[in-house]
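Starting from 1, each residue takes its place in the sequence as its number. For clarity, every value in this text was computed on a predicted model and none was experimentally measured. Order of listing sets the numbers, starting from 1, for every ligand and every atom in it.
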Amino acid sequence: MTLECSRKLYREACRYFPGGVNSPVRAFGAVGGNPLFIKKGAGARITDADGNTYIDYVMSWGALILGHAAPEVVAAVRKAVGLGSSFGAPTQAESELAQVISKAIPSMERLRFVSSGTEAAMSAIRLSRGFTGRDKIIKFDGCYHGHADSLLVKAGSGAATQGIPGSAGVTASLSRDTMVCPYNDIDTFRKVVIKNAASIACVIIEPVAANMGVVTPDAAFLKEVRDLTARHGIVLIFDEVITGFRFHFGGVQTLQKITPDLTCLGKIIGGGLPIAAYGGKKEIMACIAPSGPVYQAGTLCGNPVAVAAGLAMLKVLKTKNFAALDQRTERLCQGLKERFSRRKINITINRCGSLFTVFFTPGPVTDFTTAKASDTTRYAAYFHTMLKAGINLPPSQFEAQFVSFSHTDKDIAATLRGLA
Ligand code: HOZ
């Protein structure tokens, strides 16, 4: 396998972009080597600039649950772009997409489309502050909600991968307003809430954490977070950018029957195009301009091409068998466990539906501290072994692997052969 073209393209990209990339994890900094430059994708596979083909488990970080270049999405995008790529004015299709989403996730009584998960989370935080008149927020250690200043405190994903979970450039006063609790630790959370209740605007949480690797919440944890926030008039935000429409046609909230006040969505709802959303209770959303005093706007908000992709994606997704996807992912995880066990390598696999992470620690992995106990050198070796075998994994321990509806049993078998 030659990687000469990717190497050359990377050298060229380094002349223009910091670290040669437009988003840090892509640089392979945590696993070593040069990033692959991708030319095309189809179904479960991507092809790099050298013509090598890989079974992909990054899937645009979860956006492509139907696989690359899903024909229905491609057709919808072609049609929409031919009618005009952006108007900066409302279109009927925005309401159609909103209707599909709020039917599947009824807590989103009103919503607003933005262009990225970062914007959704940032806007939901501002809205919570505007609605409550309070300043402080609580997030959880290792959770990642995009790169807005208030949220880059003990952040997961790329920030954890680069070892800068508290970014330079975030002011001390903003950091002071962000309180951080360990994931899955209800006692600490309760103490922090009770001590600061009158000044806390919101709590933001990934209802299944997927940016410190995958970490699932204990059975009672989310429910208690909901009860405590409701008792103290604190807005509860579920960041379902990754989990929305990932486990079934809805969110973790509809599966677990826990109703947050606000929800952030992204990735899957855009079919791989840049769109995200935040939304929730009518009376909270009424604070957003032009209905209310909390400002948020954008030329590309509700972009017609992204909306068309999202509508096409959700239409197909509604017909899919999520239980089968879950079982296929379980077979992959079982196969990986057997292979590592044969090699006497201690691992823990955290899986939730079609999301999973292999941690190189005996575990259990229940929060960011235990996630960081993973041997990241071993992860890098696993990553490169698989890459050589034609399997593309996330180039970081602190990201999830994504299985899509386009992965077949043959792909799973081929993936497992990569470790044989
Ligand atoms: N931090 C993103 C995944 N959680 C990576 C985005 C990207 O590099 O595309």
Flag this pair as yes if the NZ/CZ of Lys372 is under 6.0 angstrom from the six-membered ring centre of Phe368 and inside a 45 degree cone about the axis; otherwise no.
yes
I need the contact residues for ligand 1: any residue with a non-hydrogen atom closer than 4.0 Å to the ligand, ordered by chain then number.
Ser23, Arg26, Trp61, Ser157, Asn211, Glu399
Suppose we screen for ring-ring contact (aromatic ring centres under 6.0 Å, His included). Which residues come up paired with Phe402, at least two apart in sequence or across chains?
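None.
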Sequence neighbours left out, what pairs pass salt bridge (Lys or Arg N to Asp or Glu O under 4.0 Å) with at least one residue falling in residues 30-54?
Arg45-Asp411
The criterion is side chain to side chain donor-acceptor pair (under 3.5 Å); which residues satisfy it with Glu12, sequence neighbours excluded?
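Counting only residues at least two positions away or on another chain, Glu12 forms no side chain to side chain donor-acceptor pair (under 3.5 Å).
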Using 30° and 60° as the class boundaries, would you call the ring planes of Tyr183 and Phe221 parallel, tilted or perpendicular?
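Tyr183 vs Phe221 ring planes: tilted.
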Nearest heavy-atom pair of Gly20 and Ala13: which atoms, and what distance?
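That would be O-CB, 3.4 Å.
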